[in-house]
Number of protein chains: 2
Amino acid sequence: MPDATGWQPLIRSRAWEQVVDRVEEKILSGDLRIGDRLPPERDFASMLGVSRAAVREALRVLEAHGVLHRPRVGTGRDSGSVIAGTPTTGLSRLLRVHVALSNFDLDEITEARVALERASASLAASQATESDLARMRELLDRMDDETLPRDRFNDLDTDFHMALAEAADNRLLTALTTAIRGAIRHTLLHAFEQLADADAVLNALRRQHRSLCEAVAQGDADRAADEVDRHIRGFHRIASHTLNRSMPRTPPAC
Amino acid sequence: MPDATGWQPLIRSRAWEQVVDRVEEKILSGDLRIGDRLPPERDFASMLGVSRAAVREALRVLEAHGVLHRPRVGTGRDSGSVIAGTPTTGLSRLLRVHVALSNFDLDEITEARVALERASASLAASQATESDLARMRELLDRMDDETLPRDRFNDLDTDFHMALAEAADNRLLTALTTAIRGAIRHTLLHAFEQLADADAVLNALRRQHRSLCEAVAQGDADRAADEVDRHIRGFHRIASHTLNRSMPRTPPAC
DNA sequence: CACCGATGCTTGGTCTGACCAAGGTCACCC
DNA sequence: GGGTGACCTTGGTCAGACCAAGCATCGGTG
């Protein structure tokens, strides 16, 4: 929106920004696809008429967004900077740090998780394959181990929810679910470790997972959505209660 | 997951990655908050024992993720790199480029939109303020203008959906909705411009918006969710049909 | 002929040092 | 007192250099 005078100051875009834009243009227009290679940094720099440093800063941005693989040295077939298409890592990192900056609190995240996972659950119910179900059941079996350390349980829990998202066969839902889950991993783990009545809670989680899994297997989309909804909100209630007791206040800024 | 031998190759992390990690640690631990300043690049580099280039590459990554404001030169109060907390820009850019890389197709995106906006709509229905409703109605009034160019209509449509998300008072839902909408802005605009029976479609959209807005105003969460669901799926059906006719195939890779 | 090691090229990772431009500060001069 | 110009700080950019890792090639050795 222009300001009152209709004029706004020019923002000179920096060299590396223009490099990012060029690459993104090529991707948007379909010129660059997953697996394609960008020119070597030195060549690319001279092609674009900028310094190698500018190119490198641009490549770092693209890599951080999951657009490029970690570059490899040498002359091999996949040496250099290769177009990737792995949004999850960047997405997760981005969400995690913004969660830490308290742009998003746990209530908001829970609400979004419920929305996304309800959708995953009902899609999964209508189209999960046998191998999807087998994967989910295998994870649940491993979670039944009473001697499992908390962090392993938490990781398996994460894997289960990711398996559910994958069963929905929707990569965006999967990526968002994975990213959000990754972003709050530490928070959840902390909650797990502080649990007052841990065994009861863990058993409740196991029962809810089984029941969700059953609903998916039976193809009951509505029940699957409701199960995952109750499951997430239930644990969130316990977790936020636990966390509030152990960290009553965030320390004030200096 | 470790490989069969239980050993996996070390991945030496690069200098700039360690810088990013340091900054993120400080954010995760609460040491750095929104508005705080990082040291000047030169000082920061010598503090961390790396070159200025490494620091700069790290700052670019953080900036791309919306963690830092665009740095300002000079000695002013907000000169240098300031912690930001603006996830939407980075999120949108990230999603857009991954949409272009066909990591996500329009069906998947629509499903995710429906999931997120159903949640927004029902939350909004239960807690929208008068000013939220006024904002939404004002946008709808402006969309009634028959002479509006298609791109303006599209932008107002976007604004309406963002206003809905904001009425839900959940910043994560808002950020995700905005980012996804931004990622498919061009696609939707293209669909708008290719519409066969444009007036009929636009009028249908207007009716659906009004009816959604009414449901929110009446506090009817379930109806609001269903309205937005039908609205999004309906337009998606038309849009994908239109787009398929105008661009029957993506050209094969060379 | 098959195998293997040395050598050299390509490529990313890093650092140093330099210059420019923009924004602020402050002392000096009218 | 007010303007103004010198100076400092800070990011933006570049050139050039060196290192280490990965590959390819070639020549020697069995």
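Below, chains carry the letters A, B, ... as their sequence lines are ordered, and counting in each starts from 1. Hydrogens, waters and symmetry mates play no part in the numbers below; they use all other heavy atoms, side chains included.
Evaluation of the side chain to side chain donor-acceptor pair (under 3.5 Å) rule for A/E108 yields B/R171 as partners, not counting sequence neighbours. Partners of B/N154 under the side chain to side chain donor-acceptor pair (under 3.5 Å) rule, at least two apart in sequence or in another chain, are B/R181. Contacts of A/R60 classified as side chain to side chain donor-acceptor pair (under 3.5 Å), with partners at least two apart in sequence or in another chain: A/E63. Checked against ring pair (Phe, Tyr, Trp, His ring centres under 6.0 Å), B/H161 has the following partners two or more places apart in sequence or in another chain: B/H209, B/H231. Scored by the side chain to side chain donor-acceptor pair (under 3.5 Å) test, B/E193 finds no partners at all (sequence neighbours excluded). Remark: A/F153 engages A/F192 in a ring pair (Phe, Tyr, Trp, His ring centres under 6.0 Å) (not counting sequence neighbours).
If you take CZ of B/R70 and P of C/dA22, they are 14 Å apart, rounded to a whole angstrom. Distance CZ (B/R14) to P (C/dC15): 13 Å, rounded to an integer number of Å. As a whole-Å value, the separation of B/E41 CD from C/dA18 P is 18 Å. With rounding to whole Å, A/L48 atom CG is found 13 Å from D/dA15 atom P. At whole-Å resolution of the value, CG in A/D43 and P in C/dC9 are 16 Å apart.
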Table of protein N/O atoms under 3.5 Å from nucleotides 19-24 of chain D N/O atoms:
from, atom 1, to, atom 2, distance (Å)
D/dC23, O4', A/T75, OG1, 2.7

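Listed by residue number, B/R52, B/R56, B/R60 are the residues of residues 49-68 of chain B with a heavy-atom contact under 4.0 Å to DNA chain D.
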Validation: residues 66-77 of chain A side-chain donor-acceptor distances under 3.5 Å, sequence neighbours left out:
from, atom 1, to, atom 2, distance (Å)
A/R70, NH1, B/R12, O, 3.3
A/R70, NH2, B/E17, OE1, 3.1
A/R70, NH2, B/E17, OE2, 3.2

What's the verdict on ring pair (Phe, Tyr, Trp, His ring centres under 6.0 Å) for B/H65 and A/H65, showing C-alpha distance, side-chain angles and the deciding distance? CA-CA 8 Å; B/H65 278 178; A/H65 278 177; 5.5 Å; yes
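Checked against D/dT13, C/dT14, D/dT10, the side chain of A/A15 finds its nearest nucleotide in D/dT13.
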